[in-house]
Amino acid sequence: MGINVFAVECSEFPCIAWARALDAKVQRFSMDECAPWVEVFQGTVVFGATGKNAGGEEERYFGWMPIPPDTSLQPTIFKRSQARARELKEAVGLH
């Protein structure tokens, strides 16, 4: 799929899966191409970030979080997911 999963953060529901694009020029990535993901999850929140590797070259990162089926939980989950994404980005040096 052109990505390398490097972290799955499950300290809270739902988990967030983080991946690095194998081609730094990739700006968007859809999990619609991954049949097992689509079979299990009805919707997804996607995060994006850029970073530099040890050689100073730009790298592109993506994070995926399935949308909880209980719509009453969604506002709280979305708000908290933004904070979780920021925490992980800071931990691995992304912006």
**OP:** Kindly assign one of parallel, tilted or perpendicular to the pair Phe6 and Trp18, based on the angle between their ring planes and the thresholds 30° and 60°.
**Re:**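 Aromatic pair Phe6/Trp18 classed tilted.
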
Subject >> Phe78 six-ring centre to Arg80 NZ/CZ under 6.0 Å and within 45° of normal >> reply: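 No, Arg80 does not sit over the ring of Phe78.
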
Original post:
Which is it for Ser72 and Gln74 under the side-chain hydrogen bond (donor to acceptor under 3.5 Å, both in side chains) test, yes or no, and what are the steps along the way?
Top reply: CA-CA 6 Å; Ser72 69; Gln74 290 178 1; over 6 Å; no

What are the two closest heavy atoms between [X] and [Y], and how far apart are they?
X	Y	result
Pro14	Ile77	CD-CG2, 3.5 Å
Ser81	Met65	CB-SD, 3.4 Å
Cys15	Val8	CB-CG1, 4.3 Å

Original post:
If we only count heavy atoms from C-beta on, is the Glu59 to Thr50 side-chain gap below 4.5 Å?
Top reply: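 Answer no - side chains too far apart.
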
**OP:** Please examine the side chains of Leu22 and Asn4, heavy atoms only from C-beta on, and report whether any two atoms are closer than 4.5 Å.
**Re:**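 In short, these two side chains touch, coming nearer than 4.5 Å.
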
Original post:
So Arg20 and Val5, side chain to side chain contact (heavy atoms under 4.5 Å, CB included) or not? Walk me through it.
Top reply: CA-CA 6 Å; Arg20 180 181 61 82; Val5 175; over 6 Å; no

Subject >> Nearest-0.5 Å distance, CG of residue Asp70 to OG1 of residue Thr76 >> reply: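 Separation between the atoms: 10.0 Å.
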
